[in-house]
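Note sheet for the following structure.
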Amino acid sequence: MYRNTGQYIIAFLFFSALILYWQATALARVLWGHRWGEVAVTLDQTDAKLASGIGAYYFNGGAYNLDIAEKAYRKAVTIDPRIFWGHYQLARIYFIEGKFDQAISETAKELGANPGNLRTLYVRGLIYGTQGDLVKAEDNFRRFTEWAPSEWAGYNDLAWVYSKDGKFKEAKETIRLAMRKIPNADTNPWLWNALGVAELNLGEKDAQNSFESALNLAHHLSLQDWYKAYPGNQKDDAAQGLDQFKAAIKENLRRSEAFR
């Protein structure tokens, strides 16, 4: 009799815990409807898409809070290790926070879970380039441009790596290729600036014209244009970032005038 009673108690506790487990996620959905993000993430036990959506919201999808975004994406990949963008977004967050080893680890996990998500190569190129591992950065950016030949950022950052490595001819050729392949590339100030940097380091007089084009186009950039180019950065920093970009072009232009 006592033995059966004990079994009933264990069964009751088990099923009660199971009900609470599932109800926690239901409550998380309700709380997220009121934008109680951090509490919702803590309660969520089974809904990877919910957690991923909360992460997207706090990673410039409506608000900017990297702590909550990281917790949300971490919960998403805990529930479903193969959820698309999960490890990719964690890699981006860790990169912004300067946690490069963790960021690289997350890119490997994203490619392992979703080998078709080659956008991960771009993020990995940024990480390696910032760390100074130029060989690996070059490889990742080159593979990314082959996968996404109509996106300017891949060419721009491949040229950045080439220039850091003293391969100025390759940097120039990369931007020239981008100018041919990408629609309206001639209106992109980042590409013109990258081209000018390569030409400047090659001692070419055309550098001044490239920087003048870059500066003229940069003056027409809006804050929305800047947000689009740097979606992982805090929007409050956009004005400062844009001003710094213009200042860098002006300095490049000043240096190029020595060739005239």
Side-chain angles (χ1 to χ4, degrees), residues 60 92 95 117-130 134 137-233 235 237-260:
N60 259 350
R92 292 179 64 209
F95 171 64
N117 186 10
L118 296 187
R119 193 162 298 282
T120 307
L121 297 174
Y122 178 77
V123 175
R124 195 160 64 181
L126 287 176
I127 300 166
Y128 281 133
T130 302
L134 303 182
E138 177 187 328
D139 177 65
N140 279 272
F141 283 133
R142 187 175 60 250
R143 290 167 60 195
F144 177 76
T145 60
E146 292 170 355
W147 180 71
S150 62
E151 296 189 24
W152 67 269
Y155 297 98
N156 185 71
D157 287 302
L158 178 56
W160 164 64
V161 169
Y162 278 139
S163 290
K164 285 188 70 173
D165 203 20
K167 299 178 179 179
F168 305 117
K169 181 179 178 181
E170 289 87 343
K172 179 180 176 181
E173 291 172 349
T174 296
I175 298 301
R176 287 299 186 194
L177 179 62
M179 292 289 191
R180 294 194 299 271
K181 282 183 169 286
I182 301 172
N184 302 315
D186 59 344
T187 65
N188 186 303
W190 288 276
L191 293 179
W192 280 110
N193 184 60
L195 177 61
V197 168
E199 292 169 335
L200 180 64
N201 284 287
L202 289 169
E204 296 178 359
K205 294 182 179 180
D206 287 340
Q208 183 173 351
N209 293 330
S210 295
F211 290 132
E212 287 174 349
S213 296
L215 187 59
N216 179 57
L217 291 166
H219 282 314
H220 290 87
L221 286 176
S222 66
L223 291 182
Q224 191 60 43
D225 294 326
W226 195 260
Y227 300 152
K228 187 176 180 180
Y230 301 97
N233 293 349
K235 289 185 177 180
D237 297 335
Q240 181 181 1
L242 181 54
D243 287 342
Q244 289 175 342
F245 180 51
K246 292 176 184 176
I249 298 173
K250 289 178 182 177
E251 174 59 21
N252 289 336
L253 179 58
R254 185 193 65 78
R255 292 173 59 205
S256 72
E257 289 171 351
F259 292 113
R260 289 296 189 187

Inset, instruction - Test the Lys235-Tyr227 pair against the cation-pi criterion, namely NZ or CZ under 6.0 angstrom from the six-membered ring centroid and within 45° of the ring axis. - result: yes
Inset, instruction - State whether Glu173 and Arg176 are salt-bridged, where the test is any N-O pair (Lys NZ or Arg NE/NH1/NH2 against Asp/Glu carboxylate O) under 4.0 Å. - result: no
Inset, instruction - Apply salt bridge (charged side-chain N to carboxylate O under 4.0 Å, His left out) to the pair Lys205 and Glu199, showing each step before the final yes or no. - result: CA-CA 7 Å; Lys205 294 182 179 180; Glu199 292 169 335; over 6 Å; no
Inset, instruction - Would you mind reporting whether Val197 and Ser163 have side-chain heavy atoms less than 4.5 Å apart? - result: yes
Legend entry - side chain to side chain donor-acceptor pair (under 3.5 Å) between Ser222 and Asp225, intermediate numbers included: CA-CA 5 Å; Ser222 66; Asp225 294 326; 3.1 Å; yes
Inset, instruction - Kindly assign one of parallel, tilted or perpendicular to the pair Phe144 and Tyr122, based on the angle between their ring planes and the thresholds 30° and 60°. - result: tilted
Legend entry - Pairwise side-chain contact, Phe245 with Asn193, heavy-atom cut-off 4.5 Å (strictly under): yes
Inset, instruction - Kindly give the heavy-atom pair with the smallest separation between Phe211 and Gly196, and that separation in Å. - result: CZ-C, 3.1 Å
Legend entry - Side-chain touch Tyr128/Asp139, heavy atoms, less than 4.5 angstrom: no
Inset, instruction - Considering non-hydrogen atoms only, spot the tightest contact between Ala218 and Ile249 and give its length. - result: CB-CD1, 3.9 Å
Inset, instruction - Compare all side-chain heavy atoms of Leu221 with those of Trp190 and state whether any distance is below 4.5 angstrom. - result: yes
Inset, instruction - Could you check if a side-chain atom of Lys172 sits within less than 4.5 angstrom of a side-chain atom of Phe168, using non-hydrogen atoms only? - result: no
Legend entry - Non-hydrogen side-chain atoms of Leu177 and Tyr155 separated by less than 4.5 Å: yes
Inset, instruction - Could you tell me which non-hydrogen atom of Ser210 sits nearest to which non-hydrogen atom of Leu195, and how far apart they are? - result: OG-CD2, 3.7 Å
Legend entry - Residue pair Lys228 / Gln224, side-chain heavy-atom distance below 4.5 Å: no
Inset, instruction - Say whether, by atom type as modelled, one donor and one acceptor occur between the side chain of Asp157 and the main chain of Phe141 under 3.5 angstrom. - result: no
Inset, instruction - Determine yes or no for a side-chain-to-main-chain donor-acceptor pair under 3.5 angstrom, with Lys164 supplying the side chain and Gly129 the backbone. - result: yes
Legend entry - Ion pair check, Arg119 and Glu151, cut-off under 4.0 Å: yes
Inset, instruction - Please indicate whether His220 has more than 12 foreign heavy atoms, meaning atoms of other residues, nucleotides or ligands, lying under 6.0 Å from its NE2. - result: no
